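Below is one structure; the comments refer to it alone.
Keep in mind it's a predicted model, so treat the numbers as computed, not measured.
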Amino acid sequence: MQENYDVTEIQNKWLPVWDEIKPFDSSRADDARPTKYVLDMFPYPSGDLHMGHAEAYALGDVIARYWAQKGYNVMHPIGWDAFGLPAENAAIKRGLDPRDWTYENIAQQKASMRRYACSFDWDRVLQTCDPLYYRWNQWLFLEFYKKGLAYRKNSNVNWCPSCQTVLANEQVVQGLCERCDSVVTKKALTQWYFKVTDYADRLLDDLDQLEGKWPSKVLSMQRNWIGRSQGANIDFNIVDSDQKISVFTTRPDTLFGATFMVLAADSELAANLAANASDTVQQAFEQYLDGVKKANDIERLATDRKKTGVFLEQYAINPLSGEQVPIWVSDYVLADYGTGAIMGVPAHDDRDIEFAKAMGLEIKMVVDTGEEDPAVSGIATSGDGVIVNSGELNGLSKQDAIAKAIEIAESKGTGVGSKNFRLRDWLISRQRYWGTPIPIIHCEKCGEVPVSQDQLPVTLPDSSGLDLQPKGTSPLGAADQWLNVSCPSCGGAAKRDSDTMDTFVDSSWYFLRFLSPHSEEFAFDPAEAKKWAPVDQYVGGVTHAILHLLYARFFTKVLHDIGMVDFEEPFTRLLNQGMVLMNGSAMSKSRGNLVRLSEQLDIHGVDAIRLTMAFAGPPEDDIDWADVSPAASAKFLARAWRIAKDVDSEPTADFAAGDKGVRKATHQFLVGFEEAIEAHKFNVGVAKAMELTNALRKAIDQGVGPKDIAVREGAEELAKALSLFAPYTSEDMWQLLGHEPAVALAGFGTVDQSLLVEQSTVAVVQVDGKLRDKFEVDLSITDAELEAMAMASAAVQRTIEGKEIVNVIVRAPKLVNIATK
RNA sequence: GCCCCGAUAGCCCAAUGGCAGAGGCAGACGACUUAAAAUCGUCACAGUGUGGGUUCGAGUCCCACUCGGGGCACCA
């Protein structure tokens with residue numbers, strides 16, 4: 001046994017032992033422990049692990065190891081999100097096969113994770129690029145297809161000219177591609193979609209169930225993203241036409257204030273109406289539409305952009321007032337939100353008043369908010385007030401008028417209460433190679449024909465001979481042998497769909513695949529799902545707050561509806577760890593502030609880095625590597641290790657004879673530590689372990705000495721607690737203390753409440769809330785006795801001298817507060 | 001523009017409405033040592049961003065503001 005704490009030595013010593021005994025095997029048939037499912041977001045295999053992974057997996061491991069220590073059978077699996085653009089791009093650059101490149105990275109990351117001593121169950125590993133996995137992507141796609149939840153449509157989609165592929169709405173950030181920051185443009189294409197909007201209400205409403213269990217930030221981001229608005233659809237007839245304009249509005253109470261209509265320039269209705277107009281109007285419209293199509297999102301979203309538009313020289317009839325109002329087209333109305341048309345109420349809408357001012361249209365106030373008339377001030381008012389100039393709505397409040405207007409419109413058959421969502425359907429086709437082939441065959445005669453589910457997987461053809469260079473159409477379109485098949489329906493010549501699925505499809509259900517990762521019979525085994533799912537604790541970065549989590553929630557709800565799972569939310573609790581920064585900003589090679597994980601591990605050791613991640617602060621806060629001290633963590637671990645080494649007694653289960661003071665410190669620690677970990681205050685938990693270490697050091701050097709059995713008890717609990725953060729050190733401590741591995745499963749000691757009962761406490765005396773005196777009192781002291789003691793205090797007498805006492809608050813045995821005037 | 005989160009010592013961070021300090025970094029001093037490192041120990045430092053309010057008592061609850069971070073945003 002070594003004399004000194006040697007990081008390298010203990011790292012080399014314990015890894016093979018754990019491989020042998022597999023402390024975190026979650027598949028033992030006779031395992032009677034209750035279950036917990038702890039999941040870390042699986043990594044993308046691009047290069048080796050970095051500091052961000054190190055934090056995420058250190059924190060996830062604290063939770064997994066905590067439950068293991070508490071006696072649970074913890075499933076803590078890991079896999080790789082192995083399909084996707086970065087792998088493909090990197091492969092193109094180096095002329096490699098994306099598959100080889102991916103698997104090499106996986107091997108490297110896996111080795112790093114093992115060295116990092118993550119408590120993963122290595123028998124449950126999966127890779128999404130494995131046909132064994134993506135076969136079930138296809139199978140699920142076909143299930144969605146049967147339910148009408150997977151469909152193809154032509155529309156103007158987000159197009160990244162650099163990645164040469166379409167993007168989901170969620171992958172466009174501020175008009176830029178989230179991957180490469182290129183300006184995203186629009187392109188009319190026929191693409192596959194998942195009908196997320198069918199689930200919009202449930203995706204929004206069910207967030208309430210997660211209140212307090214998910215970070216409120218994520219909940220609000222999801223709510224914002226789904227963006228439900230309540231209102232009404234109102235129909236406006238068009239003068240001298242049998243067409244009508246249906247608008248969506250959240251303010252039907254302002255119907256009488258509508259002084260114009262605006263259609264999205266790129267909407268079908270706009271085109272129809274323009275076609276009926278004079279040649280001059282048609283020309284102006286065509287010209288305007290051209291300009292709109294050319295504009296990208298960056299230009300379109302510019303906040304201070306002037307309002308533009310074209311008057312169609314046609315009029316609509318307000319269904320309530322009967323007034324005729326002019327019909328315009330403009331690009332400030334979006335074709336794919338609501339009905340693609342609005343009623344312009346300039347007095348009470350910022351955008352409409354801008355348009356009205358630009359075009360010289362009438363501004364008619366219908367809600368008197370007490371502010372200046374918008375027609376005069378030029379500033380729209382949107383607050384509550386009294387309805388005016390609005391016929392039967394006059395005199396009502398905003399809320400009442402909204403209800404009344406809907407009622408009237410419904411009774412007249414010219415409108416209906418309705419709601420709209422910001423959320424759009426999920427575009428899942430990608431024109432790239434390295435992804436899951438869409439299991440559909442296109443036949444000229446039969447149209448879309450799904451591949452039979454028992455014919456899956458449709459495997460990805462070998463990449464050799466294919467041009468993976470992005471060129472706007474799928475590389476699979478050139479894989480003739482693969483592409484050309486006979487139609488399953490009529491037997492005629494047909495072609496496979498050559499697009500691949502968005503990789504977010506892969507990650508939308510992987511947490512279920514871990515239940516039976518090798519199954520060829522099911523996507524996941526329903527019996528295992530009953531046992532383990534949903535995930536008790538999910539851990540990952542807030543970067544996935546919208547995309548991945550929304551899609552996974554959507555999948556779960558669909559799987560629930562087709563009877564595959566009996567729950568509707570996939571992740572019961574969510575922890576978002578912060579980022580690891582260096583000198584205030586995200587690490588990057590170009591910034592020159594990159595800290596290499598492997599280097600840190602070499603210098604300080606695995607345990608010190610893991611401990612540093614946990615101790616740096618609350619898990620959801622960012623860690624600035626410049627603010628933390630892994631060297632100090634290593635020093636602490638050595639200090640803890642020496643405690644175990646100094647213990648000079650035989651292993652026993654009977655600690656009753658130990659020193660009461662030391663035992664009390666240990667048992668207080670147990671209470672505080674578990675409380676801290678359960679609340680995910682890992683930094684506080686570590687601080688408590690440091691406190692116990694300090695107390696034990698003192699006991700050994702200046703107190704009862706290393707032979708007292710209470711010192712052993714404290715050292716053992718310390719080792720068990722440290723197993724959450726520092727697996728190598730704690731295992732070695734456990735051995736020094738004369739035990740067999742694994743310390744990770746040893747189980748915390750049972751708290752002896754009798755040791756925690758205080759005989760006396762320190763009572764505090766305040767005058768006007770300020771501390772003036774304190775003394776040790778018996779716990780059983782009465783209010784009257786304590787008050788008498790307080791009043792007798794010289795310090796108190798001095799303070800209250802000459803003052804009038806108005807009140808005395810006594811909270812025996814802790815506190816007396818004397819209020820004076 | 002709307003919504004959310006945060007602000008405590010030189011620094012990172014603790015504190016069920018009840019003594020502002022658990023822990024750490026950096027710092028000073030001391031013990032051990034021929035010396036240094038390592039180790040062990042002792043000490044100092046803020047009244048909680050600003051202004052109000054509730055309360056016997058506010059870092060903690062309420063209101064307004066400042067600063068920082070984040071989300072949504074021509075979404076009708």
Side-chain angles (χ1 to χ4, degrees), chain A residues 4-5 174 215-229 231-232 247-252 254 262 264 300-305 307 330-334 336-345 348-352 354-355 382 420-424 542 545-546 578 611-612 615-618 620-624 626-633 635-636 638-639 642 672 675-676 681 683-694 697-698 700-702 762-774 805-811 814-820:
Chain A
N4 294 305
Y5 176 71
Q174 304 284 310
S216 56
K217 184 180 172 181
V218 176
L219 295 177
S220 89
M221 283 166 77
Q222 293 237 337
R223 289 190 179 110
N224 273 338
W225 189 261
I226 296 166
R228 178 167 59 196
S229 29
V247 303
F248 173 71
T249 177
T250 55
R251 297 292 304 276
T254 63
V262 187
R300 201 177 58 80
L301 291 174
T303 44
D304 51 356
R305 217 163 116 257
K307 291 276 184 289
S330 176
D331 62 354
Y332 87 93
V333 173
L334 309 177
D336 59 353
Y337 183 78
T339 58
I342 62 153
M343 59 178 195
V345 185
H348 306 294
D349 183 280
D350 286 337
R351 299 148 302 185
D352 293 347
E354 290 306 317
F355 190 76
S382 57
N420 251 291
F421 297 91
R422 218 192 63 93
L423 181 73
R424 305 296 152 82
V542 73
I546 296 173
L611 187 77
T612 301
F615 185 55
E620 55 277 7
D621 286 8
D622 290 344
I623 298 173
D624 195 323
D627 290 336
V628 298
S629 174
S633 300
K635 210 168 96 176
F636 163 69
R639 189 170 153 87
R642 282 194 304 271
E675 221 172 69
K681 295 175 178 179
N683 53 328
V684 177
V686 173
K688 298 222 179 277
M690 290 173 167
E691 208 180 346
L692 177 64
T693 306
N694 292 343
R697 183 80 265 153
K698 205 166 206 158
I700 292 168
D701 291 350
Q702 300 164 38
V762 175
V764 176
V765 184
Q766 302 172 336
V767 177
D768 296 322
K770 290 226 162 44
L771 177 73
R772 293 304 174 193
D773 202 0
K774 50 186 167 183
I805 295 172
V806 288
N807 199 1
V808 179
I809 314 298
V810 186
R811 295 278 182 274
K814 298 290 289 180
L815 174 127
V816 179
N817 188 19
I818 301 162
T820 69

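- Considering only side-chain atoms of A:Phe615, the nucleotide from B:G71, B:A76, B:G24 that sits closest is B:G24.
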Stepwise side-chain contact (heavy atoms from CB on, under 4.5 Å) check, A:Ile805 with A:Asn807: CA-CA 6 Å; A:Ile805 295 172; A:Asn807 199 1; over 6 Å; no
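- Taking atom C1' on both B:A58 and B:G49, the two are 16 Å apart, rounded to the nearest angstrom.
- Of the candidates B:C74, B:C5, B:A73, B:A73 carries the atom nearest the A:Arg422 side chain, counting heavy atoms from C-beta on.
- Heavy atoms of A:Ser229 sit under 4.0 angstrom from primed sugar atoms or phosphate atoms, though from no base atom.
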Verdict with supporting geometry, A:Lys688 and A:Val684, side-chain contact (heavy atoms from CB on, under 4.5 Å): CA-CA 6 Å; A:Lys688 298 222 179 277; A:Val684 177; 4.1 Å; yes
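- When heavy atoms are screened at a 4.0 angstrom cut-off, A:Gln702 is found touching the sugar-phosphate backbone but no base atom.
- In this structure, A:Arg228 atom CZ and B:C72 atom C1' are separated by 17 Å, rounded to whole Å.
- For B:A37 and B:A9, the P atoms lie 31 Å apart once the distance is rounded to whole Å.
- Among the heavy atoms of the strands, none lies under 4.0 Å from A:Val542.
- Smallest separation of non-hydrogen atoms from A:Pro630 and A:Thr612: CA-OG1, 3.3 Å.
- Going from the P atom of B:U8 to that of B:G51 covers 16 Å, rounded to whole Å.
- Taking atom P on both nucleotides, B:G6 is separated from B:G17 by 15 Å, rounded to a whole Å.
- Pairing for B:U39 goes to B:A31, judged as Watson-Crick or G-U wobble with the two contacts each under 3.5 Å.
- Pairing partner, B:A44: none, since no Watson-Crick or wobble contact has both distances short of 3.5 Å.
- B:G47 shows a glycosidic angle within 90° of 0 and is accordingly assigned syn.
- No donor-acceptor contact under 3.5 angstrom links the side chains of A:Arg642 and A:Asn4, judged on distance only.
- Spacing between B:C11 and B:G27 at atom P, rounded to whole Å, works out to 15 Å.
- Distance noted for atom P between B:U16 and B:G21: 14 Å (whole Å).
- For the pair A:Lys688 NZ and B:G21 C1', the computed distance is 11 Å after rounding to whole Å.
- Residue whose closest nucleotide on RNA chain B sits further toward the 5' end, between A:Ile546 and A:Thr339: A:Ile546.
- Looking at the side chain of A:Ala687, the nearest of the listed nucleotides B:C13, B:G23, B:G70 is B:G23.
- Where A:Phe421 and A:Gly617 meet RNA chain B, the nucleotide closest to each residue was compared, and A:Gly617 sits on the side nearer the 5' end.
- Looking at A:Gln766, its side chain comes within 3.5 Å of the base of B:G18 through a donor and an acceptor atom.
- With a cut-off of 3.5 Å on both pairing distances, the Watson-Crick or G-U wobble partner of B:G68 is B:C5.
- Pairing for B:U54 is absent, judged as Watson-Crick or G-U wobble with the two contacts each under 3.5 Å.
- If you take CZ on A:Phe248 and CE on A:Met343, they are separated by 10.5 Å, rounding to the nearest 0.5 Å.
- Among the atoms of the strands shown, none is found under 4.0 Å from any heavy atom of A:Asp624.
- For the pair A:Asn420 and B:A76, the criterion of a side-chain N or O lying under 4.0 Å from OP1 or OP2 is not met.
- With hydrogens and angles ignored, no donor-acceptor pair under 3.5 angstrom links the side chain of A:Asp627 to the base of B:C12.
- In this structure, the nucleotide among B:A76, B:G23, B:G41 sitting nearest to the side chain of A:Glu691 is B:G23.
- Closest to the side chain of A:Lys698, from the set B:G71, B:U42, B:C56, is B:U42.
- With both pairing distances under 3.5 Å, B:G21 is matched to B:C13 as a Watson-Crick or G-U wobble pair.
- The side chain of A:Pro618 sits closest to B:C13 out of B:C13, B:A76, B:C40.
- The C1' atoms of B:G47 and B:U39 are separated by 36 Å, rounded to the nearest whole Å.
- Residue contacts for A:Lys681: at a heavy-atom cut-off of 4.0 Å it reaches the sugar-phosphate backbone alone, with no base atom in range.
- The nucleotide B:A26 finds no pairing partner, because no Watson-Crick or G-U wobble arrangement with both distances shorter than 3.5 Å includes it.
- Shown here is A:Glu620, whose CD atom has more than 12 heavy atoms of other residues, nucleotides or ligands within 6.0 Å.
- Summarising the geometry of A:Phe355 relative to A:Val262, their closest heavy-atom pair is CE2-CG2, 4.1 Å, with the distance given to 0.1 Å.
- Applying the 4.0 Å criterion to OP1 and OP2 of B:G24, one finds that A:Asn694 has a side-chain N or O inside that range.
- Rounded to an integer number of Å, the gap from A:Asp622 CG to B:C5 P is 17 Å.
- Among the nucleotides B:C40, B:A76, B:U42, the one closest to the side chain of A:Arg639 is B:C40.
- Atom CD in A:Glu620 sits about 16 Å away from atom P in B:G70, given to the nearest Å.
- Within 4.0 Å (heavy atoms only), A:Arg424 reaches at least one base atom of the nucleic acid.
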From CA spacing to verdict: side chain to side chain donor-acceptor pair (under 3.5 Å), A:Ser229, A:Thr250: CA-CA 7 Å; A:Ser229 29; A:Thr250 55; over 6 Å; no
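- Separating the CZ atom in A:Arg639 from the CG atom in A:Asn694 is a distance of 4.5 Å, to the nearest 0.5 Å.
- Among the heavy atoms of the strands, none lies under 4.0 Å from A:Phe355.
- Within 4.0 Å (heavy atoms only), A:Arg697 reaches sugar-phosphate atoms of the nucleic acid but no base atom.
- Of the candidates B:C40, B:G23, B:A76, the closest approach to any side-chain atom of A:Thr249 belongs to B:A76.
- Between A:Met690 atom CE and B:A14 atom C1' the separation is 13 Å, expressed in whole Å.
- For A:Ile809, the listed nucleotide lying nearest its side chain is B:C56; candidates were B:C72, B:A76, B:C56.
- Protein atom CZ of A:Phe636 is 11 Å distant from nucleotide atom C1' of B:G24, rounded to whole Å.
- As judged by a 4.0 angstrom heavy-atom cut-off over every strand, A:Ile623 is placed among residues making no nucleic acid contact.
- Here B:C25 is the nucleotide among B:G23, B:G41, B:C25 with the atom lying nearest to any side-chain atom of A:Lys635.
- When rounded to the nearest whole Å, the span between CG of A:Asn224 and C1' of B:C4 equals 8 Å.
- Counting to the nearest Å, the C1' atom of B:U8 and the CG atom of A:Asp621 are 14 Å from each other.
- Residue contacts shown for A:Asn817 include a base, since a base heavy atom lies under 4.0 Å away.
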